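For clarity, every value in this text was computed on a predicted model and none was experimentally measured.
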Amino acid sequence: MSVSWWIWAVLMLAIAAMLAVDLFLHRDNHVIGFREAAVWSGIWIAAGLLFGVVLWVWQGGDVAGTYYAGYLIEKALSIDNVFVFALIFTSFAVPAAFQHKVLFSGVIGALVFRLVFIFVGAELLETFFWTAYVFGAFLVWTGYKMAFRHGEQTPPDRNPVVRLVRRIVPTDPAFHGDRFFTRVDGKRVATLLFVVLIAVEATDLIFAVDSVAAILAITTSTFIVWTANAFAILGLRSLYFCLAGLLRRFVHLHYGLAVLLAFAGVKLILSETPVGKLPIPVTLGVIVVTIAVSIAWSLRSTRGTAPDGS
């Protein structure tokens with residue numbers, strides 16, 4: 001799918017405008033409640049679904065179906081991001097009023113990183129056929145780890161990137177309002193909130209490799225992969241505040257995500273065999289059923305459990 005540069009420009013401006021509106025409405029660093037988060041989650045999801053309709057009218061059902069498949073995978077994987085973000089915020093005892101700013105800045109970094117990964121990954125798949133086997137095997141292995149080693153996570157403060165930043169950048173081990181940098185005894189230093197931001201960015205960088213590779217298993221169209229990632233990520237902050245109190249109930253969701261990653265890996269490998277690419281309706285069906293079953297299984301297993309786990 002070839003897209004003119006001006007369409008890319010319009011898309012980037014639209015995303016920048018949406019981010020600007022979000023930043024303006026949360027400029028006072030207020031604590032985001034469930035109702036506000038739910039409303040914004042609905043707005044971002046509606047925007048993502050509406051873009052699929054635009055693609056349907058513009059490019060046809062196959063392209064729109066491909067976009068929706070990528071969007072659903074990214075949206076499902078973003079729930080796992082929420083788990084890790086909750087762990088980071090709890091580990092560093094980040095005040096609720098400052099969490100939105102960290103996530104907002106993290107989203108901007110995520111959009112940039114994923115744009116780079118998408119163009120590099122798509123180019124590799126288009127140029128070297130064997131990279132499909134490499135990416136496919138990587139996704140299958142990632143799915144295996146998510147299914148059977150989901151609890152093996154490095155504490156945020158021991159993340160190698162976070163530790164490196166603390167060594168390079170003078171850091172004050174305290175929060176100074178919502179500032180990432182401040183002055184202590186006349187010296188400019190990073191605050192603990194900046195360290196949290198680095199932890200979030202480093203974590204999302206790892207997730208980005210998985211999610212981008214999974215969508216590239218569906219299509220190598222950089223426009224479709226980028227828009228599916230972008231519209232899913234735009235709602236990540238609202239999704240966090242919406243699901244923060246319900247995370248303990250999604251006890252089996254990681255199995256569903258593991259199946260999706262493994263499925264994407266197998267799909268990518270099959271694309272370079274006589275079997276070829278699986279039909280988009282099949283892909284969409286597997287994604288929807290897997291997500292629905294894993295969520296329903298989780299909710300059934302934790303029925304009667306309070307959202308906070310009590």
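- Remark: Ile43 CD1 to Met18 CE distance equals 11.5 Å, nearest 0.5 Å.
- Checked by atom type, the side-chain pair Arg188/Thr182 shows no donor-acceptor distance below 3.5 Å.
- Within the 4.5 Å cutoff, the side chain of Phe241 has no heavy atoms near those of the Trp40 side chain.
- Atom CD1 of residue Ile198 and atom CG of residue Leu193 lie 11.0 Å apart, to the nearest 0.5 angstrom.
- For the atom pair CG of Asp62 and CG of Leu55, the computed distance is 12.0 Å after rounding to the nearest 0.5 Å.
- More than 12 heavy atoms of other residues, nucleotides or ligands lie within 6.0 Å of CH2 in Trp297, so this atom counts as buried by the packing criterion.
- Within the 3.5 Å criterion, the main-chain N or O of Glu272 finds a donor-acceptor partner in the side chain of Tyr133.
- Ring geometry for Phe117 versus Phe113: interplanar angle under 30°, hence parallel rather than tilted (30 to 60°).
- Listed here is the closest heavy atom pair of Arg179 and Thr191: O-OG1, 2.6 Å.
- Linking ILVMFWY side-chain heavy atoms closer than 4.5 Å, directly or via other members, places Leu11 and Ile7 in a single hydrophobic cluster.
- Linking ILVMFWY residues whenever their side-chain heavy atoms come closer than 4.5 Å, directly or via other members, places Val10 and Ile15 in the same cluster.
- Residues Phe135 and Val259 do not share a hydrophobic cluster, clusters being chains of Ile/Leu/Val/Met/Phe/Trp/Tyr side chains in contact below 4.5 Å.
- Checked by atom type and distance alone, the side chain of Asn229 pairs as donor or acceptor with a backbone atom of Val225 at under 3.5 Å.
- Closest non-hydrogen pair, Val288 versus Leu72, comes out as CG2-CD1, 3.8 Å.
- Of the possible donor and acceptor atoms, none in the side chain of Ser4 sits under 3.5 Å from a partner among the backbone N and O of Trp6.
- If you chain together hydrophobic residues whose side chains sit under 4.5 Å apart, Phe181 and Val189 never meet in one group.
- Interatomic distance, CD1 of Ile291 versus CG of Leu77, reported as 8.5 Å (0.5 Å rounding).
- Remark: aromatic rings of Phe119 and Trp8 are close, center separation under 6.0 Å.
- By the 4.5 Å heavy-atom criterion applied to side chains, Phe263 and Thr283 are counted as neighbours.
- For Tyr67 (side chain) and Gly48 (main-chain N/O), a donor-acceptor pair under 3.5 Å exists by modelled atom type.
- The side-chain heavy atoms of Ser211 and Arg114, taken from C-beta on, include a pair separated by under 4.5 Å.
- Note that the CD atom of Glu123 and the CD1 atom of Ile118 stand 14.0 Å from one another [nearest 0.5 Å].
- The shortest side-chain heavy-atom distance between Leu257 and Leu253 falls under the 4.5 Å cut-off.
- Counting only heavy atoms from C-beta outward, the side chains of Leu192 and Pro173 never approach each other to under 4.5 Å.
- Considering every non-hydrogen atom in both Leu284 and Tyr68, the closest pair reads CD2-C, 3.9 Å.
- The two residues Ala214 and Ile73 make their nearest non-hydrogen contact at CB-CG2, 4.0 Å.
- Between Phe175 and Phe98, the ring-plane angle classifies as tilted under the 30° and 60° cut-offs.
- The environment of CG in Asp172 is crowded: more than 12 heavy-atom neighbours from other residues, nucleotides or ligands sit within 6.0 Å.
- Between Leu239 atom CG and Ile233 atom CD1 the span is 12.0 Å, to the nearest 0.5 Å.
- Looking only at distances, a side-chain donor or acceptor of Thr227 sits under 3.5 Å from a matching main-chain atom of Ile224.
- Formation of a donor-acceptor pair under 3.5 Å by the Ser271 side chain with backbone atoms of Ile269 is not found in this model.
- Residues Tyr255 and Ser294 are not in side-chain contact: their nearest non-hydrogen atoms beyond the backbone lie 4.5 Å or more apart.
- Panel note: side chain Thr142, backbone Phe138; a donor-acceptor pair is recorded below 3.5 Å.
- Taking all atoms of both residues into account, the shortest heavy-atom contact from Phe104 to Leu19 is CE1-O, 3.3 Å.
- The closest side-chain heavy-atom distance from Leu115 to Met12 is below 4.5 Å.
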Would Leu103 and Leu236 satisfy side chain to side chain contact (heavy atoms under 4.5 Å, CB included), going step by step from the backbone distance to the final call?
CA-CA 8 Å; Leu103 292 176; Leu236 186 57; 5.9 Å; no
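- Side-chain rings of Phe51 and Tyr71 stay apart, their centers remaining 6.0 Å or farther from each other.
- No cation-pi contact links Lys75 to Phe231, judged by a cut-off of 6.0 Å to the six-membered ring centre and 45° from its axis.
- Hydrophobic clustering (side-chain heavy atoms under 4.5 Å, transitive across Ile, Leu, Val, Met, Phe, Trp, Tyr) groups Leu111 together with Val21.
- Without hydrogens or angle criteria, Ser298 side chain to His252 main chain gives a donor-acceptor distance under 3.5 Å.
- In this structure, Thr127 contributes its side chain and Leu124 its backbone to no donor-acceptor pair below 3.5 Å.
- In plain terms, the two heavy atoms of Leu260 and Ile287 that are nearest each other are CD2-CA, 3.7 Å.
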